[in-house]
Amino acid sequence: MAVIQHEMTIGEAADQLSSALPGHRVEILQGRLTVTPPADVEHALSLTWVMRAFFVAGDEEAGLRAVQGVGLWLPSGPEDYAVPDLALVEEDIRDAKVRKNCYAPHVFRLVIEVTSSNWADDLGTKVDCYAQAGVPVYLIADRRHQEVLLYTQPRSGVYASREIFKRGMSVPLPETLGMTVELPVDRLLDGEQER
């Protein structure tokens, strides 16, 4: 009896890991499979607070929706995709589905990552991937280094602008989003509400 071996593609491996590890974030970044464990409560509280800030600022009136954990199809490789912590997407995102649960990058107006165990990807690989995808605004709450980074103006696969914000400061998001939002660095890093 002959044994037929099937070599698994990286996409198939990602699908198997997603099924085997509920709650983990599986991504393919520049042809490399990554798996991130579930986030801690400060991470989750930061994202909840940002979603509220977007709602108050009028994301829906600007034709945008704040979403968590929605896949972004990346042009860096044939099976590459990222799953940002939070994104502001155009309201017609449903029309931009590529495959699996991933959507075309042109509907993503802003992507936010709050660093956890995958901080090196958030600060390096994803900067390149999101710039190549043309995502207009990439915000990183870098809990490891206690700062927030704001990347804007993607041109030829590179962000032309990078700003660093320290504790005690607020991050003004670009007006090109169609709403006025300033996010306090301390809240982004700590996930705490004002009392």
Side-chain angles (χ1 to χ4, degrees), residues 1-52 54-55 59 64-135 137-144 151 157 188-189 191:
M1 174 184 233
V3 175
I4 300 174
Q5 289 186 320
H6 170 70
E7 196 168 306
M8 188 179 301
T9 68
I10 194 167
E12 291 168 337
D15 291 344
Q16 281 192 3
L17 282 170
S18 291
S19 295
L21 300 169
H24 288 66
R25 182 164 303 195
V26 177
E27 300 170 300
I28 302 174
L29 305 171
Q30 297 176 337
R32 183 175 49 88
L33 184 61
T34 68
V35 180
T36 307
D40 60 31
V41 72
E42 287 80 13
H43 185 281
L45 288 171
S46 291
L47 297 174
T48 299
W49 176 80
V50 171
M51 286 190 75
R52 285 187 190 144
F54 287 153
F55 177 76
D59 62 340
L64 302 173
R65 299 292 182 270
V67 294
Q68 291 187 41
V70 171
L72 188 159
W73 202 256
L74 297 169
S76 53
E79 297 190 70
D80 285 7
Y81 67 93
V83 183
D85 289 329
L86 181 73
L88 273 178
V89 298
E90 294 177 7
E91 60 189 352
D92 63 350
I93 186 171
R94 289 178 185 91
D95 298 333
K97 189 169 187 177
V98 176
R99 64 180 167 148
K100 298 187 182 183
N101 289 320
C102 297
Y103 296 83
H106 74 272
V107 298
F108 288 79
R109 309 310 305 145
L110 170 141
V111 167
I112 297 177
E113 299 284 6
V114 177
T115 61
S116 53
S117 61
N118 66 336
W119 63 271
D121 282 333
D122 292 341
L123 297 173
T125 307
K126 287 186 177 181
V127 174
D128 295 337
C129 289
Y130 294 149
Q132 290 168 6
V135 175
V137 182
Y138 177 32
L139 180 84
I140 308 165
D142 180 3
R143 298 187 302 166
R144 182 175 183 88
Y151 290 89
L188 286 167
L189 295 174

By salt bridge (Lys or Arg N to Asp or Glu O under 4.0 Å), Lys97 pairs with (sequence neighbours left out) none

| Are Arg143 and Leu188 side-chain neighbours, meaning at least one heavy-atom pair lies under 4.5 Å? | no

Distance col, row Leu17:CG vs Glu27:CD, nearest 0.5 angstrom, shows 12.5 Å

d(Ser117 OG, Arg144 CZ) to nearest 0.5 Å is 10.5 Å

Interatomic distance, CD@Gln30 vs OG1@Thr125, rounded to 0.5 Å, equals 5.0 Å

Applied to residues 67-82, the side chain to side chain donor-acceptor pair (under 3.5 Å) test, sequence neighbours excluded, yields Ser76-Asp80

Practice problem: Might you work through the side-chain contact (heavy atoms from CB on, under 4.5 Å) test for Val127 and Ile140, ending with a clear yes or no? | Solution: CA-CA 9 Å; Val127 174; Ile140 308 165; 4.1 Å; yes

*asked:* Using side-chain heavy atoms (C-beta onward) and a distance below 4.5 Å, is Arg109 in contact with Val137?
replied: no

Which of Val111, Asn118, Leu74 passes side-chain contact (heavy atoms from CB on, under 4.5 Å) with Lys126? It is Asn118

So CG of Leu86 and CZ of Phe54: to nearest 0.5 Å the spacing works out to 6.0 Å

Tightest non-hydrogen contact, residues Asp122 and Ser116, listed as OD2-N, 4.4 Å

With side chains defined as the heavy atoms from C-beta onward, is the minimum distance between Leu72 and Val83 less than 4.5 Å? no

### Side-chain touch Val89/Tyr103, heavy atoms, less than 4.5 angstrom
no

Looking only at heavy atoms, the pair that brings Gly23 and Pro38 closest together is O-CG, 3.5 Å

Hits for ring pair (Phe, Tyr, Trp, His ring centres under 6.0 Å) against Tyr130, two or more places apart or cross-chain, chain-then-number order -> Tyr138

Exercise. Should Val70 and Phe108 count as side-chain neighbours, where that means a heavy-atom distance under 4.5 Å?
Worked result: yes

Nearest heavy-atom approach of Ala96 to His106 is CB-CE1, 4.1 Å

Heavy-atom closest pair (Gly157 atom, Ala131 atom, distance to 0.1 Å) is O-CB, 3.4 Å

Check: For atom CG of Asp40, is the number of surrounding heavy atoms from other residues, nucleotides or ligands below 6.0 Å larger than 12?
Finding: yes

Here the side chain to side chain donor-acceptor pair (under 3.5 Å) pairs for residues 85-95, sequence neighbours left out, are Arg25-Asp85, His43-Asp85, Arg65-Glu91

Residues passing the side chain to side chain contact (heavy atoms under 4.5 Å, CB included) test with Ala120, sequence neighbours excluded, are none

Note to self: What I'd like to find out is whether the side chain of Leu88 reaches to under 4.5 Å of the side chain of Asp59, using heavy atoms alone.
What the structure shows: yes

query: With distance as the sole test, does Glu12 use its side chain to make a donor-acceptor pair with the main-chain N or O of Thr9 at under 3.5 Å?
result: yes

Could you check if a side-chain atom of Thr34 sits within less than 4.5 angstrom of a side-chain atom of Val26, using non-hydrogen atoms only?
no

Open item on the list: I want to check something: taking the side chain as every heavy atom from C-beta on, are Val50 and Ile112 in contact at a cut-off of under 4.5 Å?
Closed with: yes

Interatomic distance, OG1@Thr115 vs CG@Asp142, rounded to 0.5 Å, equals 4.5 Å

Residues passing the salt bridge (Lys or Arg N to Asp or Glu O under 4.0 Å) test with Asp121, sequence neighbours excluded, are Arg32

message: Let's go through Leu189 and Ser46 carefully: what are the C-alpha distance in whole Å and the side-chain angles of both, what is the deciding distance for side-chain contact (heavy atoms from CB on, under 4.5 Å) to 0.1 Å, and is it a yes or a no?
response: CA-CA 7 Å; Leu189 295 174; Ser46 291; over 6 Å; no

Take Val135 and Leu110 through the test side-chain contact (heavy atoms from CB on, under 4.5 Å) and record every step on the way to the result. CA-CA 6 Å; Val135 175; Leu110 170 141; 5.9 Å; no

